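We number each residue from 1, following the sequence as shown. Keep in mind that the numbers below use all heavy atoms, side chains included, and drop hydrogens, waters and symmetry copies. No experiment lies behind these values; they were computed from the predicted model shown.
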Amino acid sequence: MTDGRLETPFAIFNIELTNHCPFRCVMCPRTHNMKRDQGYMSFEVFQHVIDQLVDANPDYARNHGVWLHHFGESLVHPEFDRLMAYAAGRGVSPGLSVNPLMLAPKIAERLLLARPAKLYLSLDGHDDNSFARIRGVEDAYGKSVERLLAFLEMKKVLSPSTRVLLSMIHFDANIESIEKMRAYWSGIDGIDQFLDKPFTSFDGNTPEVTALRQRDRMPEQHPVTCRVPMQSVTITWDGDVVPCCFDFDKRYVLGNVLIEPLSDIWNGPAMRALRLEFQSNRVENPLCRNCESLRQ
């Protein structure tokens with residue numbers, strides 16, 4: 001890889017169906033710092049992306065899941081189930097992270113009929129007050145729990161093979177809730193795994209989010225070890241390609257799928273330059289230079 005070019009075909013970690021979101025989560029850089037335009041991925045763009053993945057890297061498409069979210073709540077996309085079903089129909093295992101509050105009966109049914117392979121259900125807090133402090137929506141924890149439990153019953157009938165993980169993010173504002181709710185959610189029928197999810201400051205460029213990290217969990221300085229630019233890319237709702245799922249505001253755009261093939265973007269000038277930064281252990285680009293993942 002002397003010039004930053006890889007012989008291996010491209011892979012896709014996640015596809016952003018939308019960056020619209022009704023939540024105001026304190027640990028999400030989208031809440032206060034995302035400046036890019038908001039919108040919804042069209043079916044045509046999604047189809048174009050999935051078809052390229054299946055054609056270029058069939059082994060990855062067949063054996064690895066692709067997450068259908070980035071910085072938004074995918075269930076607000078008016079055709080989320082059509083897009084998910086198309087991916088599944090092409091042999092791609094679609095996964096999704098959703099907030100249980102979104103699982104009203106009709107939405108829940110549409111989601112399950114699209115046959116997701118894996119779902120992360122994100123439910124922070126343990127009552128209405130703690131939920132509101134973290135997720136920014138008032139009087140919503142009880143309704144979230146009610147909808148989640150109804151969803152799990154529906155899943156038994158409509159999509160029993162869908163794997164469900166209940167996740168809570170580990171940071172100061174949520175530790176009490178994790179301690180209170182871990183045993184409860186671990187014992188609920190239909191929850192395959194309780195995930196005490198590590199906190200991330202994403203690309204490290206959002207002071208409000210970085211300040212939430214517990215001081216005793218700060219990583220030490222080490223040589224650059226990130227392998228993401230050698231492994232996969234992320235696609236935003238408008239077809240732009242970025243190198244990392246931490247890139248909430250498109251700080252490092254590699255190209256656009258409507259202009260050039262993903263295989264060309266994968267070894268294009270922007271991606272090759274990024275890989276060479278990591279290879280030289282001198283990361284200076286605006287996306288990665290503050291990322292805590294570089295120092296782990």
Side-chain angles (χ1 to χ4, degrees), residues 11-23 38-55 57-58 60-123 143-167 188-193 195 232-239 245 257 262:
I12 298 172
F13 179 71
N14 60 328
I15 302 172
E16 181 180 73
L17 303 191
T18 181
N19 60 343
H20 285 282
C21 185
F23 295 84
Q38 298 183 49
Y40 302 92
M41 180 173 282
S42 70
F43 177 78
E44 291 73 23
V45 170
F46 184 82
Q47 182 182 42
H48 184 53
V49 169
I50 292 295
D51 288 350
Q52 288 187 70
L53 174 63
V54 172
D55 291 344
N57 199 344
Y60 182 93
R62 181 170 56 251
N63 296 309
H64 294 76
V66 175
W67 295 104
L68 304 187
H69 63 266
H70 183 39
F71 280 92
E73 172 53 71
S74 294
L75 295 186
V76 304
H77 191 293
E79 294 187 298
F80 74 86
D81 47 344
R82 182 188 180 197
L83 275 58
M84 179 176 285
Y86 182 80
R90 289 301 320 266
V92 179
S93 297
L96 193 61
S97 178
V98 302
N99 290 280
L101 185 61
M102 302 299 299
L103 295 173
K106 291 292 186 183
I107 295 293
E109 182 180 20
R110 288 172 57 195
L111 175 59
L112 290 169
L113 289 175
R115 301 294 190 272
K118 182 184 291 188
L119 293 173
Y120 276 176
L121 300 179
S122 302
L123 185 61
K143 183 180 290 187
S144 296
V145 171
E146 178 184 331
R147 289 181 171 178
L148 171 53
L149 295 176
F151 173 81
L152 294 174
E153 289 299 313
M154 189 184 295
K155 186 186 84 72
K156 294 178 183 178
V157 177
L158 296 183
S159 189
S161 64
T162 296
R163 181 169 170 79
V164 173
L165 296 84
L166 192 288
S167 69
I188 292 293
D189 186 27
I191 301 292
D192 295 293
Q193 182 182 350
L195 183 61
S232 62
V233 295
T234 289
I235 318 293
T236 62
W237 69 267
D238 52 1
C245 65
V257 299
L262 272 164

Checking side-chain polar atoms at under 3.5 Å, does His48 have a donor or acceptor matched by the opposite partner on Glu44?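 Per modelled atom types, His48 and Glu44 side chains form no pair under 3.5 Å.
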
For [X] and [Y], which heavy atoms make the closest approach, and how far apart are they?
X	Y	result
Pro94	Arg115	CG-O, 4.3 Å
Ile12	Tyr60	O-OH, 3.0 Å
Cys245	His70	O-CE1, 3.1 Å
Ser93	Ala117	CB-CB, 3.8 Å
Asp55	Pro58	O-CD, 4.0 Å
Ala108	Leu103	CB-O, 4.0 Å

Pairwise side-chain contact, [X] with [Y], heavy-atom cut-off 4.5 Å (strictly under):
X	Y	value
Leu152	Asp189	no
Leu112	Val157	no
Ile15	Ile50	yes
Arg110	Phe80	yes

How many angstroms lie between atom [atom1] of [X] and atom [atom2] of [Y], to the nearest 0.5 angstrom?
X	Y	atom1	atom2	result
Leu119	Ser97	CG	OG	9.0 Å
Ser161	Lys118	OG	NZ	13.0 Å
Ile235	Leu17	CD1	CG	12.0 Å
Leu96	Met84	CG	CE	4.5 Å
Glu79	Met41	CD	CE	12.5 Å
Glu146	Leu101	CD	CG	10.5 Å

Under 3.5 Å, side chain of [X] to main-chain N/O of [Y], donor-acceptor pair present?
X	Y	value
Lys155	Gly190	no
Asp192	Leu165	no
Asn99	Leu121	no
Arg163	Pro116	no

Under the side-chain contact (heavy atoms from CB on, under 4.5 Å) rule, what do Asp51 and Tyr86 come out as? Steps first, then yes or no, please. CA-CA 10 Å; Asp51 288 350; Tyr86 182 80; 2.5 Å; yes

For Ser167, all residues meeting side chain to side chain donor-acceptor pair (under 3.5 Å), sequence neighbours excluded: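 Ser167 satisfies side chain to side chain donor-acceptor pair (under 3.5 Å) with Ser122 only.
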
Mind telling me whether Tyr40 and His20 have parallel, tilted or perpendicular rings, with 30° and 60° as the class edges?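 It falls in the parallel class, under 30°.
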
Output, in order, the C-alpha distance, side-chain angles, deciding distance and verdict of side-chain contact (heavy atoms from CB on, under 4.5 Å) for Leu111 and Met102. CA-CA 11 Å; Leu111 175 59; Met102 302 299 299; over 6 Å; no

Does Leu149 form a side-chain contact (heavy atoms from CB on, under 4.5 Å) with Val145? I'd like the steps, not just the answer. CA-CA 6 Å; Leu149 295 176; Val145 171; 3.9 Å; yes

Under the criterion side-chain contact (heavy atoms from CB on, under 4.5 Å), I'd like the reasoning laid out for Ile188 against Leu148: C-alpha separation, chi angles, the key distance, then a yes or no. CA-CA 11 Å; Ile188 292 293; Leu148 171 53; over 6 Å; no

